[in-house]
Amino acid sequence: MEPLRRKALVDAALRVIGDHGSLAVTMSDIARQAGVSPALAHHYFGSKEQLLIETIRSLLRQLRSDTVAALKAARTPRARLSAIIRVSFHADQFAPETIAAWLAFYAEAQRSEETRRFLVIYARRLRSNLLADLKALLPADAAERIAEGAAAMIDGLYIRQSLKSAPIGIEASIALTEDYLNALLATASPSPRSEKGRPHRTTQGQMT
């Protein structure tokens, strides 16, 4: 039962943080949402801080798993770029409570070095995955510039989505990011390395 109860507490923490819009929640709030006692929650995680860290780890693990699966299904660098974009706006990741939780963790990162470290891992993974396939299409300097821009656009659309007065849907967010990428790919010089005959390289190793 322990893995199931730990997962239930992590899922409950995500919902409670999303509802509150901040990490200013109590272990009792989370335990109540999970349908267990606060004592049991403390038994499994020791403290609210440890439960919150496990919650952000869970978000990153799910994002990593979804990204690896999507990249394996894509056959070309351009298709893998589209896969990364689509995974970034997957329904689970783009759910209101998940977005609210991500923003709460970004706010906490200003005070917590451990939280900041996890968010840096996320940012590096996203940039690395984009860059790996952009370098197959463009010179390194152009690839790095576009990777930074695409990553910033994805993060910015998350922030826009949190503004409930002006929400942007999943498909619209994907289309905006694809339009940005297509426009820059069309104007940038192609990479001297030909994609044809180039060894297939996955980014699974970069997702660790």
Tell me, please, which residues at least two apart from [X] pass side chain to side chain donor-acceptor pair (under 3.5 Å).
X      : result
Glu2   : none
Glu113 : Arg116
Ser82  : Arg78, Glu178

Using the salt bridge (charged side-chain N to carboxylate O under 4.0 Å, His left out) rule, collect all pairs that involve residues 82-96, keeping only residues at least two apart or in two chains.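 Sorted pair list: Arg86-Glu171.
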
Please list all pairs meeting salt bridge (charged side-chain N to carboxylate O under 4.0 Å, His left out) that have one or both residues in residues 141-156, counting only residues at least two apart or in different chains.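 Of all non-adjacent pairs touching residues 141-156, those that pass salt bridge (charged side-chain N to carboxylate O under 4.0 Å, His left out) are Arg127-Glu148.
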
Nearest heavy-atom pair of [X] and [Y]: which atoms, and what distance?
X      : Y      : result
Tyr180 : Ala150 : CE2-N, 3.5 Å
Leu130 : Ala147 : CD1-O, 3.7 Å
Leu157 : Ser173 : CD1-O, 3.7 Å
Ala136 : Pro77  : CB-CG, 3.7 Å
Ala13  : Thr55  : CB-OG1, 3.5 Å
Ala31  : Leu9   : CA-CD2, 4.3 Å

Same apolar cluster (I L V M F W Y, side chains within < 4.5 Å links), Val25/Leu40: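 Yes; Leu40 is reachable from Val25 via cluster members.
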
Does one hydrophobic cluster hold both Ile159 and Ile85, with members joined at side-chain heavy-atom distances below 4.5 Å?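 Same hydrophobic cluster.
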
Side chain to side chain donor-acceptor pair (under 3.5 Å) contacts in which one or both residues fall within residues 27-37, not counting sequence neighbours: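 Pairs touching residues 27-37 that pass the test: Thr26-Asp29, Asp29-Arg32.
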
Any chance you could lay out the side-chain contact (heavy atoms from CB on, under 4.5 Å) test for Thr67 and Leu126, step after step, and finish with the verdict? CA-CA 10 Å; Thr67 302; Leu126 177 58; over 6 Å; no

Quick test of your reading: applying ring pair (Phe, Tyr, Trp, His ring centres under 6.0 Å), list the pairs with at least one residue in residues 102-122, sequence neighbours left out, ordered by first then second residue.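 As it turns out, the ring pair (Phe, Tyr, Trp, His ring centres under 6.0 Å) pairs with a partner in residues 102-122, which skip direct neighbours, are Trp102-Tyr122.
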
Heavy-atom side-chain proximity of Phe89 to Ile154 below 4.5 angstrom: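 Side chain of Phe89 against side chain of Ile154, heavy atoms only: contact under 4.5 Å found.
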
Please step through side-chain contact (heavy atoms from CB on, under 4.5 Å) for the pair Leu60 and Arg64, ending with a clear verdict. CA-CA 6 Å; Leu60 289 171; Arg64 175 189 182 276; over 6 Å; no

Do any side-chain atoms of residues 16-24 form donor-acceptor pairs under 3.5 angstrom with protein atoms, and if so which ones, sequence neighbours left out?
unit_1, atom_1, unit_2, atom_2, d
His20, ND1, Val16, O, 3.0
Ser22, OG, Ala24, N, 3.1

Residues in side-chain contact (heavy atoms from CB on, under 4.5 Å) contact with [X], at least two apart in sequence or another chain:
X      : result
Gln110 : none
Ala140 : Lys135
Arg61  : Glu54, Arg57, Ser58
Ala107 : none

Derivation of the side-chain contact (heavy atoms from CB on, under 4.5 Å) call for Leu137 and Leu81: CA-CA 11 Å; Leu137 302 172; Leu81 289 168; 3.9 Å; yes

Between atom [atom1] of [X] and atom [atom2] of [Y], what is the distance when rounded to the nearest 0.5 Å?
X      : Y      : atom1 : atom2 : answer
Thr187 : Ile146 : OG1   : CD1   : 6.5 Å
Glu49  : Thr115 : CD    : OG1   : 9.5 Å
Arg80  : Leu71  : CZ    : CG    : 7.5 Å
Gln93  : His90  : CD    : NE2   : 8.5 Å

Geometric cation-pi criterion, Arg6 with Phe45: 6.0 Å, 45°: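 Arg6 over Phe45 ring: yes.
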
Checking Ser112 side chain against Glu108 main chain: does a donor-acceptor pair fall under 3.5 Å?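 Checked: no pair found.
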
Using modelled atom types only, decide if a donor and an acceptor are shared between the side chain of Thr98 and the backbone of Phe94 within a distance under 3.5 Å.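 No, the answer is negative, given that no donor and acceptor are paired below the 3.5 Å cut-off.
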
Just to verify, which of Leu59, Leu52, Ile56 counts as forming a side-chain contact (heavy atoms from CB on, under 4.5 Å) with Leu14?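 Result for side-chain contact (heavy atoms from CB on, under 4.5 Å) with Leu14: Leu59.
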
